[in-house]
Amino acid sequence: MKRDGVCKSLWQHGMGDFETAVQDIPANAFDVLIIGGGITGLTTALLLQHAGKSCIIAEAHSIGFGTTGGTTAHLNTFYDTPYSKIIKNFGRDNAELLAHGAKAAIGLIKQNISTYNIECDFKERDGYIFSINESQDKELDDLVNTGKELGLPVGFINDSPFPIPYLKVGCLREQAQFHPAKYIYGLAKAFTEAGGVIIENCCVTGIEKKDILHATCSKGIIQSAKAIYATHIPPGVNILHFRCAPYRSYAMAFKLKHDQYPIALGYDMSDPYHYYRTQNVDGQNYLIAGGEDHKTGHEENTEACFRRLESYVKSYFDVAEVSFRWSSQYFEPADGIPYIGHLPGNDENIYVATGFGGNGMIYGTLSGLVLSNIIINGHSNYEELFSPARVKPVAGFSNFVKEAADVVKELVGGIFSADKIKELSELAAGEARIVKYNGHVIALYKDKNHQFHAVNSACTHIKCTVAWNAAEQSWDCPCHGSRFSVDGITLTAPARRDLEKIPLASYVDEEAVKSAR
């Protein structure tokens, strides 16, 4: 299974590509175009297709390419935004609605697994959250007490299955876990068997309203009555990009000595916090640990994030080996809950689901319920709470969008001279750097064969300068989370255009090549 970085996740290892029967865009119009083939898009599409709507999924890369393939796949009734904050910002009724929504999402996952015979290693698990000081004790007291008030099965206990010191430990009942790649492949299979269409390697670059919606794609035009952006963050320039902050999170899968794997979900209360669970894949148990989150493009040494996570885990667990390591991206909403509904500034028939924070499997599933109800029934109980319309554009924003949308490439043109490249040859293989040359700022990378790759460093979203992500070998935008390969190919929205690739004079660092040999 392909993914949006060089690190392969535990879920994507050993998973072949999903076999799609349709390669070209059908000529007929569809009821709904779903853009994005992760858990959000597939859940929504399957619900709509079985409700009698003709649906097509357009996936820019391949099923499971993005965040769904990089999750740690915890299924929680507790969100990253604590219920006490939700009560403060949105009221108790809405906090109760969110608690119900989490249970409904887990219920839908269980229902899909049963209905469509999806083998995805779903297990119900208890979750344990630990405090290690008085400040964290207060936070934990608040979490447990608020959860009880909202009717969630939570309470304090005296022991924990995790070998991590604690002052207090709370137990969150009725949580769950699964294999996310197997699950979404099951959804995709059920969707296509119900008559739905999936087109991979089909990047949607814009939607225009004519008699119906016309979506311009890399493979042609898709016509539909309605469209949903299930792309983690919508592409182009939109007010939501300024209300959702991109973050990277790190995950590792370990083999432990003596088969001492905790059969539970675990969470500490550090900042950033760490989380753990066990998963059996193809007969082998793994301890999966995640954490070390930071804003995208704001960490100079992303490799150090893996080293810190590994060191933390080894200080408590008897590790035999590190089997997998990967990172993933999520978008943190400004007020703590996602934006699901009509996409601001677009035709009334265009919808979005974004801003899931670290709860993508739950909110992605819940988005399917919300959006399918809006489209089928005209309303959803969650519609007002999640409405993107709660974000009001500031004065002048529409003009800003016109100026910034899909930044036209300012061609650097020409080539580096061989002499100039020689000056930069102190870059080690696998290293990258932002350099200035002839008045331009250029993103330069030297691969393991000592060949250079150069692209315009201006993100094609709104011209922020990209930053190098050494762990995933990608150029990441620190402003709104767009990500690009070493050759400038777009990996992650909101950018819809690739970075300009700059031709280079032919030059190979022969001395470096000899040394490598």
Side-chain angles (χ1 to χ4, degrees), residues 32-51 53 55 57-59 63-64 66-69 71 73-77 79-81 86 94 97-112 178 180 183-184 187-188 191 196 226-235 238 240 243-244 329-333 335-344 346 349-391 493:
V32 187
L33 161 64
I34 298 96
I35 305 162
I39 193 169
T40 305
L42 286 162
T43 302
T44 308
L46 183 58
L47 289 169
L48 289 170
Q49 190 72 26
H50 275 285
K53 301 293 184 182
C55 299
I57 293 175
E59 164 56 48
I63 298 298
T67 298
T68 302
T71 177
H74 289 236
L75 301 175
N76 301 122
T77 55
Y79 300 97
D80 283 2
T81 302
I86 293 168
N94 281 323
L97 189 62
L98 272 181
H100 179 271
K103 291 187 285 188
I106 295 175
L108 178 58
I109 290 170
K110 291 173 66 175
Q111 178 183 314
N112 284 339
F178 66 170
Y183 177 70
I184 63 170
L187 295 183
F191 172 65
K226 299 180 185 295
I228 297 169
Y229 280 111
T231 52
H232 205 41
I233 193 76
N238 187 274
L240 296 184
R243 300 292 291 172
C244 292
Q329 187 152 290
Y330 63 90
F331 287 82
E332 193 68 42
D335 57 8
I337 62 172
Y339 305 98
I340 306 168
H342 170 249
L343 179 60
N346 286 258
N349 289 326
I350 299 178
Y351 304 88
V352 68
T354 189
F356 296 166
N359 305 108
M361 298 299 97
I362 292 297
Y363 276 135
T365 304
L366 185 55
S367 293
L369 289 168
V370 174
L371 293 172
S372 61
N373 275 319
I374 290 174
I375 290 173
I376 296 165
N377 303 318
H379 72 278
S380 164
N381 293 336
Y382 302 90
E383 185 174 3
E384 184 177 350
L385 175 61
F386 291 145
S387 174
R390 70 183 190 268
V391 178

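- Residues meeting the side chain to side chain contact (heavy atoms under 4.5 Å, CB included) test with N359, sequence neighbours left out: Y79, D80, Y363.
- In plain terms, the two heavy atoms of F356 and P338 that are nearest each other are CD2-CB, 3.7 Å.
- Proximity of L385 to L98: side-chain heavy atoms (C-beta onward) are separated by under 4.5 Å at one or more points.
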Determine, step by step, whether D335 and R243 satisfy the salt bridge (Lys or Arg N to Asp or Glu O under 4.0 Å) criterion, reporting the C-alpha distance in whole Å, the side-chain angles of both residues, the deciding distance to 0.1 Å, and the verdict. CA-CA 8 Å; D335 57 8; R243 300 292 291 172; 5.0 Å; no
Using distance only, find each side-chain donor-acceptor pair of residues 369-376 under 3.5 Å and give its atom names and separation, not counting sequence neighbours.
{"residue": "S372", "atom": "OG", "partner": "G368", "partner atom": "O", "Å": "2.6"}
{"residue": "S372", "atom": "OG", "partner": "L369", "partner atom": "O", "Å": "3.1"}
{"residue": "N373", "atom": "OD1", "partner": "N377", "partner atom": "ND2", "Å": "2.9"}
{"residue": "N373", "atom": "ND2", "partner": "L369", "partner atom": "O", "Å": "3.0"}

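- The side-chain heavy atoms of V352 and I340, taken from C-beta on, include no pair separated by under 4.5 Å.
- K110 pairs by the salt bridge (Lys or Arg N to Asp or Glu O under 4.0 Å) definition with E124, not counting sequence neighbours.
- To the nearest 0.5 angstrom, I362 atom CD1 is 12.5 Å from K103 atom NZ.
- Closest non-hydrogen pair, C244 versus G355, comes out as SG-CA, 3.9 Å.
- Atom CZ of F191 is separated from atom CD of Q49 by 5.0 Å, given to the nearest 0.5 angstrom.
- Minimum interatomic distance between N346 and P344 (heavy atoms only, all atoms of both residues): ND2-O, 3.1 Å.
- The two residues P234 and L343 make their nearest non-hydrogen contact at CG-CD1, 4.1 Å.
- Annotation: side chain of I34 is not in contact with side chain of K226 (no heavy-atom distance under 4.5 Å).
- For the atom pair CZ (F386) and CG (N94), the distance works out to 9.0 Å, reported to the nearest 0.5 Å.
- Remark: T365 engages I39, T43, A105, L108, I109 in a side chain to side chain contact (heavy atoms under 4.5 Å, CB included) (not counting sequence neighbours).
- Side-chain atoms of Y183 and N112 include a donor-acceptor pair closer than 3.5 Å.
- Of all the heavy atoms in L97 and Y382, the pair that sits closest is O-CE2, 3.4 Å.
- Remark: of the listed residues N76, T68, T40, T68 is the sole one forming a side chain to side chain contact (heavy atoms under 4.5 Å, CB included) with M361.
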Side chain to side chain contact (heavy atoms under 4.5 Å, CB included) for Y339 and S387? Distances and angles first, verdict last. CA-CA 6 Å; Y339 305 98; S387 174; over 6 Å; no
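- Note that the OH atom of Y351 and the CD1 atom of I228 stand 8.0 Å from one another [nearest 0.5 Å].
- Side-chain atoms of T67 come within 3.5 Å of backbone N or O of Q329 as a donor-acceptor pair.
- In this structure, CD1 on I233 lies 3.5 Å from OG1 on T354, to the nearest 0.5 angstrom.
- In plain terms, the two heavy atoms of G336 and T81 that are nearest each other are O-OG1, 2.9 Å.
- Applying the side-chain hydrogen bond (donor to acceptor under 3.5 Å, both in side chains) test to E59 and every residue at least two apart in sequence or in another chain returns nothing.
- Heavy atoms from other residues, nucleotides or ligands lying under 6.0 Å from NE2 of H50 number more than 12.
- In this structure A188 satisfies the side chain to side chain contact (heavy atoms under 4.5 Å, CB included) test together with F18, L42, I198, sequence neighbours excluded.
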